Amino acid sequence: MLWKFSHRAQSLKSSTIREILKVTEQANVISFAGGLPSPDAFPLTEIRAAANAVLESNDIYGALQYGPSEGYKPLRLWIANYLSQRDNVTVSVDEILIVTGSQQALDLIGKTLLDSNDKVLVETPTFIGALQSFNQYNPQYVAVASDEDGLIPDSIDDEVARTAKFLYSIPNFQNPTGRRLSLSRRQALAAKAKQNNLVLIEDDPYGDLDYQGQRLPALYTLAPENTVYLGSFSKILAPGLRLGYIVANRQFISKLLPLKQASDLHTPSLTQYIAYQIVSKNNFLSDHIPKIRQIYGSRCQFMLQSLAKYMPQEVSWNQPEGGMFIWVELPEYINATELLKEAISQKVAFAPGETFYVHSEKNNCLRLAFVTVPEEKIDTGIKILADIIKHHIH
Ligand SMILES: Cc1ncc(COP(=O)(O)O)c(C=O)c1O
């Protein structure tokens, strides 16, 4: 068949790195590459019980029927209440749209805001899934420099801030770096946004996963009129439910809604009902989230110890305070993508940093995901990786 693909489809390229990483799905590879949450943190008993409760009660009719595009109202009300308490704000149910994972939120935001060549500010490095969503509209990315404390608001030119369609940021335990935006930077970014009428897209799937339970103020509380907040159940329940949500003002939601309808009518009713059953019972998350923090925090500590034990002194990394990732920096003359091929031949994998930069500006960094790998394999994998790196140090 000679397909008559659209220009958009024709310009899609398969990622060479994804091709390389396919090999890592084999069982005998120690993979620090993926960004999956740990199945050890899935609340299996509660998910089973909630699914049964939904399917064995009158809820079954609602759960199997078409539902409202905005989402299941009791779940939206629960989210409004959860956010109001956690972040000390007033969020109304009309400001919440349930989406099929926050990945769909990114897609809808691209559709709602972007035309070809529009400027989009992104912290660098940033989440590839967001770039994939925005790339469909051919934006012009402006990379915002970041360091240990997250993106640097002072580095954003005011004229660029005024003319950009939005700034995309992951303030908590960012993917890929694991960094958290500091309080003073949050305040500076909020001020910059207000001053320049800049929309902030605050993507927060890891916000509840701070190991010490010390949440910093969200951007949508510091600059409420400027910010569209994205939340997700993927890292606090399970990603297979495909449940996320957008918090934005009603005018913005009214534009997102027809686009969501065009895309999937609504997020599956069944998983919304199940999630509601779970989270609305006895303050479930206030027990469950500390368990995830404990599992992730101790795996993180373990990987940090292995890195300290084996890595040569020329290699550096951060000490995440939450989330699922450690960001490692190699000497500039070592190319992490090349290193990956060697690592895979020795049955270890990681995500090379190059892919997370909008202009491929750096290729001596790598992302290590620690939550799905058991401790003994973390140690073995880091040792193998360190030995490979040592061969390249000069
Ligand atoms: C920063 C970021 N945003 C969004 C997503 C997508 O999450 P969801 O499962 O809610 O679609 C991910 C998933 O890894 C992520 O890391």
Side-chain angles (χ1 to χ4, degrees), residues 15 17-18 21 31-39 41-42 47 71 75 79 82-83 96-111 120-135 144 146 150-151 166-181 200-210 218-220 227-247 256 260 263-264 267-268 271-272 274-275 279 292 296 320 322-327 351 353 355-358 367-372:
S15 142
I17 286 157
R18 272 187 207 274
L21 287 173
S31 180
F32 306 125
L36 310 183
S38 170
F42 296 165
I47 292 176
L75 183 61
I79 293 167
Y82 179 69
L83 297 180
I96 293 174
L97 172 66
I98 307 272
V99 285
T100 308
S102 46
Q103 187 63 43
Q104 183 180 48
L106 296 168
D107 180 55
L108 296 178
I109 284 165
K111 279 201 179 102
V120 173
L121 287 153
V122 288
E123 56 199 327
T124 180
T126 193
F127 172 50
I128 314 179
L131 300 179
Q132 266 180 330
S133 291
F134 306 151
N135 283 349
V144 180
S146 64
L151 69 83
F166 59 83
L167 178 146
Y168 169 72
S169 168
I170 308 152
N172 291 315
F173 322 119
Q174 200 237 19
N175 186 356
T177 59
R179 291 169 182 160
R180 164 150 72 171
L181 189 63
L200 304 176
I201 306 296
E202 177 176 30
D203 189 7
D204 193 25
Y206 307 104
D208 283 316
L209 306 182
D210 49 322
L219 299 173
Y220 82 108
T227 311
V228 175
Y229 178 86
L230 314 184
S232 172
F233 287 99
S234 291
K235 279 46 185 217
I236 53 174
L237 289 182
L241 296 168
R242 305 307 303 126
L243 286 178
Y245 52 90
I246 301 178
V247 184
L256 292 170
K260 163 127 182 103
S263 155
D264 64 355
T267 294
T271 56
Q272 294 189 69
I274 292 172
V279 294
I292 312 175
Y296 287 13
M324 310 189 340
F325 307 113
I326 296 176
W327 187 244
T355 37
F356 302 101
Y357 288 89
V358 279
R367 186 192 73 182
L368 297 175
F370 44 82
V371 304
T372 50

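What you see is a predicted model, and the numbers here were worked out from it, not measured in a lab. For reference, positions follow the sequence shown, starting with 1. One-based numbering, in listed order, for ligands and for the atoms of each.
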_Determine whether a donor-acceptor pair (N or O, by modelled atom type, separation under 3.5 Å) exists between the side chain of Glu202 and the backbone of Tyr220._
yes
*Just jot down the ligand 1 atoms closer than 4.0 angstrom to any heavy atom of Ser232, in number order.*
8 (P), 10 (O)
*Quick one: look up the protein heavy atom nearest atom 16 (O) of ligand 1 and list residue, atom name and how far away it is.*
Tyr206 OH, 2.5 Å
*Please state which protein non-hydrogen atom is closest to atom 12 (C) of ligand 1 and give its distance, to 0.1 Å?*
Phe127 CZ, 3.4 Å
*Check for a donor-acceptor pair, side chain of Thr227 on one end and backbone N or O of Tyr229 on the other, with a separation under 3.5 Å.*
no
*Atom indices of ligand 1, in the order listed, that fall short of 4.0 Å to a heavy atom of Ser102*: 4 (C), 5 (C), 6 (C), 7 (O), 8 (P), 10 (O), 11 (O)
*Can you list the steps and then say if Tyr296 with Tyr206 is a ring-ring contact (aromatic ring centres under 6.0 Å, His included)?*
CA-CA 11 Å; Tyr296 287 13; Tyr206 307 104; 9.1 Å; no
_Short side-chain to backbone donor-acceptor contact, Thr267 and Thr100, under 3.5 Å_ = yes
*Identify the residue among Asn175, Ile326, Thr177 that makes a side-chain contact (heavy atoms from CB on, under 4.5 Å) with Arg367.*
Asn175
*Is ligand 1 less than 4.0 angstrom away from at least one heavy atom of Gln174?*
no
*Return the residue, atom name and 0.1 Å-rounded distance of the protein heavy atom closest to atom 1 (C) of ligand 1.*
Asp203 OD2, 3.4 Å
*Near Ser234, which atoms of ligand 1 are under 4.0 Å from a heavy atom of that residue?*
8 (P), 9 (O), 10 (O)
*Do any heavy atoms of Lys235 fall under 4.0 Å from ligand 1?*
yes
_Residue-level breakdown please: for Arg242 versus ligand 1, do any non-hydrogen atoms fall below 4.0 Å on the side chain, on the backbone, on both, or on neither?_
side chain
*Please walk me through it: do Glu123 and Thr126 pass side-chain hydrogen bond (donor to acceptor under 3.5 Å, both in side chains)?*
CA-CA 6 Å; Glu123 56 199 327; Thr126 193; 4.7 Å; no
Which atom pairs, donor and acceptor, lie under 3.5 Å between side-chain atoms of residues 230-242 and protein residues at least two apart or in another chain?
unit_1: Ser232; atom_1: OG; unit_2: Ser234; atom_2: N; d: 2.9
unit_1: Ser232; atom_1: OG; unit_2: Ser234; atom_2: OG; d: 3.2
unit_1: Arg242; atom_1: NH1; unit_2: Pro239; atom_2: O; d: 3.1

*ligand 1 contact by Phe233, heavy-atom criterion under 4.0 angstrom*: no
*Which of the atoms of ligand 1 are close to Pro205, meaning less than 4.0 Å from one of its heavy atoms?*
1 (C), 2 (C), 3 (N), 15 (C)
*Is the backbone N or O of Pro125 less than 3.5 Å from a side-chain atom of Gln174, with the two atoms forming a donor-acceptor pair by type?*
yes
